[in-house]
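Lettering follows sequence order; numbering is per chain, from 1.
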There are 2 protein chains.
Amino acid sequence: MASSLMAIPMMPLAAKGATMASDEATRKVQDLLDRWLAAWNASDMDAMFALFRADAHWVNIVGMHWKGRAEVEHAHRVYFDLMFKGVHQSLEAIESIVPVAGGAVTVVARWSLGAFKTPDGHLNPPSRDRMSLVLVPEGDRFVIVHGANIAIVEEAQRFDPALKGVRS
Amino acid sequence: MASSLMAIPMMPLAAKGATMASDEATRKVQDLLDRWLAAWNASDMDAMFALFRADAHWVNIVGMHWKGRAEVEHAHRVYFDLMFKGVHQSLEAIESIVPVAGGAVTVVARWSLGAFKTPDGHLNPPSRDRMSLVLVPEGDRFVIVHGANIAIVEEAQRFDPALKGVRS
């Protein structure tokens with residue numbers, strides 16, 4: 001299942017400020033994101049929420065905070081029924097994997113999403129987002145214990161103080 | 001220092017889907033957020049970045065991803081110089097504290113921010129955001145290892161599928 005992810009560009013994890021994740025952690029992150037992607041693109045909420053721990057929280061792209069997997073799952077099912085069914089998502093990059101404590105890691109993944117129609121009929125153009133995930137080991141996999149998904153405001157990115165040439 | 005936070009409303013952490021954080025963890029989260037708030041409102045970046053682990057990452061409100069404390073700090077210093085110096089922040093609520101693994105916790109804090117002027121002269125009105133933090137124990141405190149800050153789109157909140165009365 002993870003084979004399709006081998007082509008995903010990885011940011012150099014040895015860059016300044018980065019802590020190296022183990023090869024095993026990296027492989028398990030790739031596996032989880034591959035499963036996420038497959039579940040999203042199949043609109044398969046059962047498969048998607050098999051990836052979550054029961055006490056997982058989520059903050060969505062407009063700042064709604066869902067507490068516990070049951071609530072996170074319910075909200076996603078509502079939004080898939082309303083607007084995301086059949087809307088293609090792709091993984092642009094696994095930007096970082098940072099070990100936290102006790103085998104947990106934080107991951108930043110960059111996704112792109114196709115155009116979709118909102119319930120009031122507005123067409124949302126293709127967009128990108130950066131998703132922070134907190135993953136913990138469970139058996140031989142990672143499960144999601146927290147997610148926070150931030151819209152990339154494209155016109156703001158060139159003002160990023162961390163961009164080379166902007167940095168003083 | 002934490003005394004001012006005693007008035008901050010806490011969401012009931014025993015609600016469904018929530019794992020109880022210990023009293024000690026809760027106290028340490030309150031202490032960290034109190035220090036954050038004091039540092040922000042004093043525009044004291046030295047105090048603010050004493051709260052971070054060296055390998056901390058941050059995804060800001062428009063989706064910029066900063067890798068490592070040095071980069072996170074540089075970017076915050078640039079934005080404080082450009083627009084946030086003297087802009088008052090207040091903590092509306094610590095919405096959740098969820099144990100992750102190895103003593104780490106994820107926290108969702110809701111903040112409000114006063115109006116500020118962007119570099120191009122646009123006046124940004126008062127706004128709110130939900131900040132996800134990943135905290136790990138270091139000595140007798142927590143330090144920040146990840147932050148993701150999401151703007152609350154106020155007009156979207158009434159469509160939250162998790163709201164009572166909306167939930168099917």
Closest non-hydrogen atoms of A:W66 and B:D160, given as atom of the first, atom of the second and distance, are NE1-OD1, 2.7 Å
Got B:H146 and A:V108 here, is their nearest side-chain heavy-atom distance under 4.5 Å? yes
Which heavy atom of A:Q157 sits nearest to which heavy atom of B:G63, and what is that distance? OE1-O, 3.8 Å
Rounded distance [0.5 Å steps], CZ in B:R130 versus CG in A:N60: 9.5 Å
Below 4.5 Å, heavy-atom pairs only: which of A:V153, A:V62, A:V136, A:V100 has the largest tally toward chain B? A:V62
Which of A:T106, A:I152, A:V145, A:D129 touches chain B most, by non-hydrogen pairs under 4.5 Å: A:T106
Counting C-beta onward and ignoring hydrogens, is there a side-chain heavy-atom pair between B:S132 and A:H57 closer than 4.5 Å? no
Among the clusters formed by ILVMFWY side chains lying less than 4.5 Å apart, do A:I150 and A:M131 turn up in the same one? no
Contact summary for A:A101 and B:G102, nearest pair of heavy atoms: CB-O, 3.8 Å
Contact origin within A:I61 toward chain B - heavy atom pairs under 4.5 Å: backbone
Between A:P99 and B:R53, what is the shortest heavy-atom contact and its length? O-NH2, 2.7 Å
Identify the two heavy atoms, one from A:H65 and one from B:E95, that lie closest to each other, and give their separation to 0.1 Å. ND1-OE1, 2.7 Å
Side chain / backbone / both / neither for A:A151 at chain B, heavy atoms under 4.5 Å: backbone
Value for CG (A:D120) from CZ (B:F159), rounded to nearest 0.5 Å, stands at 7.5 Å
Side chain, backbone, both or neither: which part of B:V59 has an atom under 4.5 Å from a heavy atom of chain A? both
